[in-house]
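Down below is the structure, laid out as structure tokens.
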Amino acid sequence: MAISFFDEDAKFNLNQKLKYKKWLKEIALREEYKIGELNYIFCSDEYLYNINLEYLDHDTYTDIITFDNSEVENLIEGDIFISIDRVKENAIKENEGFDHELKRVLSHGLLHLLGYKDKTKKEADLMRKMENQSIQLFDKI
């Protein structure tokens with residue numbers, strides 16, 4: 001089980017890496033999943049925009065893109081790209097602290113890999129509920 005954090009085209013260092021890893025593993029475990037190889041790549045808006053354009057053919061900025069590389073049931077394998085620029089902007093827009101918004105986005109990507117969707121209103125509401133539960137769990141770790 002390996003969870004790794006990288007930065008591309010953005011200077012960002014995640015504090016409390018061990019706590020975040022324990023937290024992410026606990027989120028997966030509660031859904032009866034194990035984490036095999038999970039990479040979080042913190043990047044700039046432009047870097048993520050180019051990934052969105054190249055791989056998904058979406059001409060938009062976004063805060064997160066999740067690539068599911070899993071081939072075995074209930075084993076998480078994936079790459080999650082997060083725009084630090086967008087997380088900062090969303091934190092201001094949502095009137096939340098940066099750390100809170102970062103936890104939301106980190107859990108959001110993992111929740112996608114656990115099978116949660118957010119295309120419909122009903123799916124998005126459930127995703128937000130799961131994000132909030134995940135954020136609350138962080139403080140108990």
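Nothing fancy with the numbering, it's 1 onward along the sequence. Basis for what follows: all heavy atoms, side chains included, without hydrogens, waters or symmetry-related copies. Not measured: the values here are computed from a predicted model.
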With sequence neighbours excluded, tell me which residues meet side chain to side chain contact (heavy atoms under 4.5 Å, CB included) with Leu75.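 Residues passing side chain to side chain contact (heavy atoms under 4.5 Å, CB included) with Leu75: Lys34, Val72, Glu77.
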Under the side chain to side chain contact (heavy atoms under 4.5 Å, CB included) test, which residues partner Lys129, sequence neighbours left out? Leu126, Gln133
Shortest non-hydrogen contact from [X] toward [Y]:
{"X": "Asn13", "Y": "Lys17", "value": "OD1-NZ, 2.7 Å"}
{"X": "Ala10", "Y": "Phe42", "value": "CB-O, 4.3 Å"}
{"X": "Ile135", "Y": "Trp23", "value": "N-CZ2, 4.3 Å"}

Could you verify whether a donor N or O on one side chain and an acceptor N or O on the other, from Asn15 and Lys19, lie under 3.5 Å apart? no
I need the [X] [atom1] to [Y] [atom2] distance, nearest 0.5 Å.
{"X": "Lys21", "Y": "Ser4", "atom1": "NZ", "atom2": "OG", "answer": "5.5 Å"}
{"X": "Glu73", "Y": "Glu32", "atom1": "CD", "atom2": "CD", "answer": "11.0 Å"}
{"X": "Leu102", "Y": "Lys88", "atom1": "CG", "atom2": "NZ", "answer": "11.0 Å"}
{"X": "Ile76", "Y": "Leu114", "atom1": "CD1", "atom2": "CG", "answer": "4.5 Å"}
{"X": "Asn95", "Y": "His100", "atom1": "CG", "atom2": "NE2", "answer": "10.5 Å"}
{"X": "Glu123", "Y": "Met130", "atom1": "CD", "atom2": "CE", "answer": "14.0 Å"}

For Ser70, which residues count as a side chain to side chain donor-acceptor pair (under 3.5 Å) partner, sequence neighbours excluded? Asp68
Not counting sequence neighbours, which residues clear side chain to side chain donor-acceptor pair (under 3.5 Å) with Glu94? List them please.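 Side chain to side chain donor-acceptor pair (under 3.5 Å) check on Glu94 returns nothing, list empty.
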Is the number of heavy atoms from other residues, nucleotides or ligands within 6.0 Å of OH (Tyr55) greater than 12?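 No, not enclosed.
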Check whether more than 12 heavy atoms from other residues, nucleotides or ligands sit under 6.0 Å from atom NZ of Lys22, and answer yes or no. no
Report whether [X] and [Y] are members of the same hydrophobic cluster (ILVMFWY, side-chain heavy atoms less than 4.5 Å apart, transitive linking).
{"X": "Phe81", "Y": "Val87", "value": "no"}
{"X": "Leu110", "Y": "Ile3", "value": "yes"}
{"X": "Leu38", "Y": "Ile51", "value": "no"}
{"X": "Ile65", "Y": "Val105", "value": "no"}
{"X": "Ile41", "Y": "Ile84", "value": "no"}

What's the verdict on side-chain contact (heavy atoms from CB on, under 4.5 Å) for Arg86 and Leu48, showing C-alpha distance, side-chain angles and the deciding distance? CA-CA 10 Å; Arg86 191 70 37 190; Leu48 194 54; over 6 Å; no
Which residues pass the salt bridge (charged side-chain N to carboxylate O under 4.0 Å, His left out) test with [X], not counting sequence neighbours?
{"X": "Glu46", "result": "none"}
{"X": "Glu8", "result": "none"}
{"X": "Asp79", "result": "none"}
{"X": "Asp63", "result": "Arg104"}

Working note: Arg30 + Glu26, criterion side-chain contact (heavy atoms from CB on, under 4.5 Å); need CA distance, chi angles, decisive distance, verdict. CA-CA 6 Å; Arg30 287 174 179 228; Glu26 183 62 27; 2.9 Å; yes
Inter- and intrachain pairs under ring-ring contact (aromatic ring centres under 6.0 Å, His included), touching residues 111-130, at least two apart: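 Counting only pairs at least two positions apart or across chains, the ring-ring contact (aromatic ring centres under 6.0 Å, His included) contacts touching residues 111-130 are His108-His112.
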Run through Thr60, Asp57, Asp59 and flag the one making a side-chain contact (heavy atoms from CB on, under 4.5 Å) with Asn52. Thr60
Would you call Lys103-Asp99 a salt bridge at under 4.0 Å N-O? no
Under the side-chain hydrogen bond (donor to acceptor under 3.5 Å, both in side chains) test against Ser44, which residue among Asp85, Asp9, Asn50 passes?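 Of Asp85, Asp9, Asn50, side-chain hydrogen bond (donor to acceptor under 3.5 Å, both in side chains) with Ser44 is met by Asp9 alone.
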Go through it in stages, so that I can follow the logic: the residues are Ile27 and Phe138, the test is side-chain contact (heavy atoms from CB on, under 4.5 Å), and I'd like the CA-CA distance, side-chain angles, deciding distance and then a yes or no. CA-CA 9 Å; Ile27 294 168; Phe138 185 86; over 6 Å; no
Just jot down the ring pair (Phe, Tyr, Trp, His ring centres under 6.0 Å) partners of [X], sequence neighbours excluded, or say none.
{"X": "Tyr61", "result": "Tyr49"}
{"X": "Phe5", "result": "Tyr40"}
{"X": "Tyr33", "result": "none"}

